[in-house]
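Notes follow once the structure below has been shown.
The shown structure was predicted, so the numbers you read here are calculated from the model rather than taken from an experiment.
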Amino acid sequence: MNILSIQSHVAYGHVGNAAAVFPLQRIGIEVWPVNTVQFSNHSGYGRWSGRVLSSASIRLVIEGIEERGVLGECDGVLSGYLGAPQTGEAVIDAVARVKSANPAARYCCDPVIGDAERGVFVGRGVPEFFKDRMVPIADIVTPNQFELDYLAGRQTRSRADLLAAIDALHASGPRVVFVTSSQTTDTPADSLDLVGSDGVDRCRVRIPRLPVAAHGAGDLVAALFLAHHLNTGSVVEAIELAASSVFGVLSRTAEVGASEMLLVEAQEEFVRPSRTFSAERM
C-alpha cells in the first residue's frame with residue numbers, strides 16, 4: 001500500500017510527517033512524504049526556526065513523482081498542516097492528479113486549524129480554505145472537536161450535538177468522519193472519546209486521559225486511521241486499531257515524562273498494542 005503524505009515536518013520532535021511517516025512504515029505502508037514546512041521544532045515550544053515551503057516547491061515534487069509513472073499505484077493521499085492557503089491549492093492539485101491516475105484512491109484531509117487550549121493557531125485564510133475548498137473534496141476528514149465545531153458551524157457540548165455536527169460534516173462532502181478527540185457531557189472527566197462515522201456505522205472508542213503533552217498525537221492517529229481504513233474498509237476496525245496504538249505510545253511517553261512522543265522506543269505499539277480498546281456503536 002502506498003500513501004502520499006503532504007504535511008509539515010520538524011527536525012526535532014514528532015508532528016506532521018515527523019509523526020506520521022515512521023509509524024506508517026512500521027505497519028508496512030510505503031509512504032511518499034512531501035513537506036509543506038521545514039521547521040526546527042513544533043510551535044508548542046513558543047519559538048522555532050525554518051520556513052514555509054512555497055506551493056511551487058510542493059508542485060515540483062508532486063510533478064517529479066508523477067513523471068515516475070507511479071501515481072496510479074497511490075492508494076491514499078493524506079494532508080495536514082498548511083502554511084498558507086496557496087499550499088492548499090497545491091494539495092488539491094495533487095489529489096486531482098492521484099485520482100486521475102487511480103480513481104479508487106482516497107483523500108484524507110486532516111484539517112489542522114487549532115484546539116480548545118490554544119484556539120486557532122494557523123495563518124489567516126487557512127481555516128476558511130479548509131472549510132470551503134478541502135473538506136468538500138475529502139473522502140475522509142479527521143478533525144479534533146474544536147475543528148469539528150468550526151467546520152460544522154456549531155458547538156458540540158452533548159453527545160447529540162457531536163452526532164449532529166458529524167452529520168453536518170458528512171453533508172458537506174466526506175463519506176467518513178473521524179473525530180480524533182472529544183469530550184462532551186457524556187464523557188467522564190478522566191477520559192477522551194474518539195468517534196468515527198461512515199454514515200452507516202457510528203462508533204466510539206473511549207480511552208483514559210493521560211498526563212502528557214500530546215503534541216502530534218492528532219497527526220499520528222489520523223495517519224493510522226487512514227491506513228487501517230484503507231486496509232480494512234471498516235470504520236470500527238480502523239478506530240480500534242488506531243486508538244489502541246496511540247494510547248500505547250502516549251502511555252509509554254507519560255511513564256518516563258518525555259516531552260515528545262516516543263515513537264521509536266514504543267514502536268511495537270503500532271504492530272502489537274499492549275492494550276486494545278473496543279469500539280462501542282453509537
Inset, instruction - Determine the minimum heavy-atom distance between A20 and Q7, stating which atoms define it. - result: CB-NE2, 3.7 Å
Legend entry - R157, CZ atom: more than 12 neighbouring heavy atoms under 6.0 Å: no
Inset, instruction - Give the C-alpha distance, both sets of side-chain angles, the deciding distance and a yes or no for side-chain contact (heavy atoms from CB on, under 4.5 Å) between R204 and D186. - result: CA-CA 12 Å; R204 173 183 68 195; D186 181 55; 2.6 Å; yes
Legend entry - No-hydrogen, no-angle side-chain donor-acceptor test under 3.5 Å, N144 and S181: no
Inset, instruction - Treating Ile, Leu, Val, Met, Phe, Trp and Tyr as nodes and any side-chain heavy-atom pair under 4.5 angstrom as an edge, say whether W48 and F121 lie in one connected cluster. - result: yes
Legend entry - pair V249-P23: side-chain heavy atoms closer than 4.5 Å: no
Inset, instruction - May I ask you to decide if F146's main-chain N or O and D115's side chain share a donor-acceptor pair within less than 3.5 Å? - result: no
Inset, instruction - Return the minimal non-hydrogen interatomic distance between T232 and A238, and the atom names on each side. - result: OG1-N, 4.3 Å
Inset, instruction - Tell me, with the steps shown, if S57 and L60 meet side-chain contact (heavy atoms from CB on, under 4.5 Å). - result: CA-CA 5 Å; S57 296; L60 281 173; 5.5 Å; no
Inset, instruction - Answer yes or no: is there a donor N or O on one side and an acceptor on the other, between the side chain of S100 and the main chain of A96, under 3.5 Å? - result: no
Inset, instruction - May I ask whether F270 and V21 are part of the same hydrophobic cluster, defined by side-chain heavy atoms of I, L, V, M, F, W, Y residues being less than 4.5 angstrom apart, directly or through others? - result: yes
Legend entry - E89/R59 salt bridge by N-O under 4.0 Å criterion: no
Legend entry - From L224 atom CG to R26 atom CZ, the distance as rounded to the nearest 0.5 Å: 12.5 Å
Inset, instruction - Please check if L4 and L226 belong to a single hydrophobic cluster, counting links between Ile, Leu, Val, Met, Phe, Trp and Tyr side chain heavy atoms closer than 4.5 Å. - result: no
Inset, instruction - Report yes if some heavy atom in the side chain of L148 is under 4.5 Å from a heavy atom in the side chain of L162; otherwise report no. - result: yes
Legend entry - Minimum-distance pair of heavy atoms, taken over all atoms of A242 and F225: CB-N, 3.8 Å
Inset, instruction - Would you check, one step at a time, whether the test side-chain contact (heavy atoms from CB on, under 4.5 Å) holds for I65 with R97? - result: CA-CA 11 Å; I65 298 172; R97 288 171 185 261; over 6 Å; no
Legend entry - Donor-acceptor side-chain pairing of H228 and E240 below 3.5 angstrom: no
Inset, instruction - Look at R175 together with D139 and state whether they make a salt bridge at an N to O cut-off of under 4.0 Å. - result: no
Inset, instruction - List in chain and number order the residues that pass side-chain contact (heavy atoms from CB on, under 4.5 Å) with E255, two or more places apart in sequence or in another chain; answer none if no residue qualifies. - result: R252
Inset, instruction - Report yes or no: does E73 contribute a side-chain atom to a donor-acceptor pair with the main-chain N or O of N2 at less than 3.5 Å? - result: no
Legend entry - Salt-bridge contact E128-R133 (side-chain N to carboxylate O under 4.0 Å): no
Inset, instruction - Decide yes or no for H170 and S197: does some side-chain heavy atom of the first lie under 4.5 Å from some side-chain heavy atom of the second? - result: yes
Legend entry - Side-chain donor/acceptor of R106 to backbone N/O of A104, under 3.5 Å: yes
Legend entry - Flag, side chain of S182 to backbone of D193, donor-acceptor distance under 3.5 Å: yes
Inset, instruction - Taking atom types as modelled, find out whether T87 and Y81 have a side-chain donor-acceptor pair closer than 3.5 angstrom. - result: no
Inset, instruction - Of all the heavy-atom pairs spanning M134 and C109, show the shortest one and how long it is. - result: CB-SG, 4.1 Å
Inset, instruction - Answer whether the closest heavy-atom distance between the side chains of S5 and V34 falls below 4.5 Å. - result: no
Inset, instruction - To the nearest 0.5 angstrom, please state how far the NE2 atom of H215 sits from the OG1 atom of T253. - result: 12.0 Å
Legend entry - Distance-only side-chain donor-acceptor flag, T142 / D110, under 3.5 Å: yes
Legend entry - T184 OG1 to Q155 CD distance, which is reported to the nearest 0.5 Å: 13.0 Å
Legend entry - Pairing of D167 and R202 as salt bridge, 4.0 angstrom limit: yes
Legend entry - Step-by-step side-chain contact (heavy atoms from CB on, under 4.5 Å) determination, N35 to V61: CA-CA 10 Å; N35 298 332; V61 175; over 6 Å; no
Inset, instruction - Hey, could you give me the CG/CD1 distance between D75 and I3, rounded to the nearest 0.5 Å? - result: 7.5 Å
Inset, instruction - Report yes if the side chains of F130 and Y150 come closer than 4.5 Å at any heavy-atom pair, otherwise no. - result: no
Inset, instruction - Can you measure from CH2 (W32) to CD1 (I62) and round to the nearest 0.5 angstrom? - result: 9.5 Å
Legend entry - Within one Ile-Leu-Val-Met-Phe-Trp-Tyr cluster: V236 and I27, side-chain cutoff 4.5 Å: no
Legend entry - For the student: nearest non-hydrogen atoms of P273 and S245, plus distance: CG-OG, 3.8 Å
Inset, instruction - For R118, look at atom CZ and say whether over 12 heavy atoms of other residues, nucleotides or ligands are found less than 6.0 Å away. - result: yes
Inset, instruction - Might you point out which heavy atoms bring D219 and G16 nearest each other, and give the distance in Å? - result: OD2-N, 2.8 Å
Inset, instruction - Please answer: with hydrophobic residues joined when any side-chain heavy atoms are less than 4.5 Å apart, are L82 and I58 in the same cluster? - result: yes
Inset, instruction - Compute the centroid of each ring, for H42 and then for F39, and state whether the two points are separated by less than 6.0 Å. - result: no
Inset, instruction - Give a yes-or-no answer on whether the side chains of S274 and E269 include a donor-acceptor pair shorter than 3.5 Å. - result: yes
Inset, instruction - Output yes when a side-chain donor or acceptor of E260 lies under 3.5 Å from a complementary backbone atom of H14, and no otherwise. - result: yes
Inset, instruction - Drop me the distance from S244's OG to I239's CD1, to the nearest 0.5 angstrom. - result: 10.0 Å
Legend entry - Candidates D198, L151, V235, I166 - the one meeting side-chain contact (heavy atoms from CB on, under 4.5 Å) with V177: I166
